[in-house]
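The basis for the numbers below is simple: all heavy atoms, side chains too, and nothing from hydrogens, waters or symmetry mates.
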Amino acid sequence: MEKELMIMTGCDRGLCKHAVGRQDRQLNTYDWLADVPGNTETTDLVEVQFKHTRKGYYHNVNNLPLKKGDIVAVEANPGHDIGVVSLTGRLALMQMKKANLKSADDIRRVYRIARPVDMEKYQEAKSREHATMIESRQIAKGLGLKMKIGDVEYQGDCNKAIFYYIADERVDFRQLIKDLAATFHVRIEMKQIGARQEAGLIGGTGPCGRELCCATWMKNFVSVGTQAARYQDISLNPQKLAGMCAKLKCCLNYEVDDYVEASRQLPSKDIQLQTQDADYYYFKADILAGLITYSTDKNIAANLETITAERAKQIIEMNRRGEKPDSLTIDGGQQPQGPVDLATQENIARFDRSKKKKKKKNRKPQAPRNEQ
């Protein structure tokens, strides 16, 4: 028990509490260098996270003892903002280089650890965001602008508000900015986002049963094309390929490289296999398993036979030499068996059979009764 407490609360072994930090933030990262001696002494840079996926990098000029999860007040233009420290030390420096921040103006200062007065002002700013979003949508609709305001983020001191909007075409929102500034009496910043970013802001559960990737760990979005689905032999059904954002699912890119590499081991789809019985045409393939199914008809499934990629290459080589095997399978043997899908078994009573057998085994034989 003492070892478990040490692992969860100390930095000697296992998960370090300073490395884990706050788990209620999007894109939460594990600072695996947090317990390394001298990590924070290498640089005074810290990474600070704000609402949703917005992050910034700041100099700890006052040498505050900052660690992951601390709520700090940082320099903003104008005023100050409130955020949570997400990385310190060398990892913050590496992430800043990855963000390609070359201008010194992009890196401001950390003022202090947030005081109770700062937090009261911050909570007041957060309480205004939803009502501001609803009212700003009505203002944009009154101006006839073809755009949607998806979210509003107030700065920690209520001096500035960022309006995240979605638009398919170029929008002239100069009059909108004037109306928003006159209504809410803050500095206005408009930031355009895409449909994937909007899904990340809203959040939700995907068809896989897990929380959306864009709402948990994804920050940079890579374009997804239908070619990724073709490589994986996925049916081009728009309803199944589209995610919560109505765009192609980002997860289509996760395994496409493995499928491309495995498909190189398969023979071409255009090659026809010739046997003594009939000619066979490519029908479908299990790319990762290396199994190919052939049909005797080009257009429909007829006399389907499944063979391995090695066997298909053997037959192709034999056909090039002018030879034809008796059948696709080796010596007319059995076809290779693929994985069994238990979901296709309709008889649900199979779950009860094992229980009945166990009950019979557990029964003890009764002793014979003595007859008087």
Here's a test for you: under side-chain hydrogen bond (donor to acceptor under 3.5 Å, both in side chains), which of Gln175, Arg170, Arg174 qualifies with Asp172?
Arg174

Note, Ile188 side chain near Val186 side chain (heavy atom, < 4.5 Å):
yes

Do NZ/NE/NH1/NH2 and the carboxylate oxygens of Glu129 and Lys51 come within less than 4.0 Å?
yes

With Glu189, which residues qualify under side-chain hydrogen bond (donor to acceptor under 3.5 Å, both in side chains), at least two apart?
Lys160

I'd like to know if the side chain of Asn303 reaches the main chain of Thr296, judged simply by a donor and an acceptor atom lying under 3.5 Å from each other, with no hydrogens or angles considered.
no

Full working for side chain to side chain contact (heavy atoms under 4.5 Å, CB included) between Ile193 and Ile166:
CA-CA 6 Å; Ile193 60 175; Ile166 305 164; 3.8 Å; yes

Heavy-atom nearest pair, Ile139 first then Leu176, reads CG2-CD1, 3.8 Å

Under 4.5 Å between any side-chain heavy atoms of Asp233 and Ser263, yes or no?
no

Side chain to side chain, His59 and Glu75, heavy atoms closer than 4.5 Å:
no

Side-chain heavy atoms of Phe184 within contact of Glu135, under 4.5 Å:
yes

N/O donor-acceptor pair under 3.5 Å between Arg109 side chain and Val61 backbone
no

Over all heavy atoms of both residues, which pair between Gly79 and Asn159 is shortest? Give the atoms and the distance, please.
CA-ND2, 4.4 Å

For Tyr122 and Tyr154: C-alpha separation, side-chain torsions, deciding distance, then whether ring pair (Phe, Tyr, Trp, His ring centres under 6.0 Å) applies.
CA-CA 9 Å; Tyr122 175 75; Tyr154 269 95; over 10 Å; no

Are Val36 and Leu33 packed together at the side-chain level, in the sense that at least one heavy-atom pair is separated by less than 4.5 angstrom?
yes

Would you call Leu45 and Gln95 a side-chain contact if the rule is heavy atoms closer than 4.5 Å?
no

Using only heavy-atom distances, determine whether the side chains of Tyr294 and Glu305 contain a donor-acceptor pair under 3.5 Å.
no

ILVMFWY network linking Met244 to Leu241, side-chain heavy atoms under 4.5 angstrom:
no

Could you check whether any side-chain heavy atom of Phe163 comes within less than 4.5 Å of a side-chain heavy atom of Leu180, counting everything from C-beta outward?
yes

Looking only at atom types and distance, does a side-chain atom of Ser295 sit under 3.5 Å from a main-chain N or O of Ala302, one as donor and one as acceptor?
yes

Answer yes or no: is there an ion pair linking Lys67 with Asp70, defined by an N-O contact shorter than 4.0 Å?
yes

Does the side chain of Val110 reach to within under 4.5 Å of the side chain of Asn62, using non-hydrogen atoms?
no

Asp168/Lys148 salt bridge by N-O under 4.0 Å criterion
no

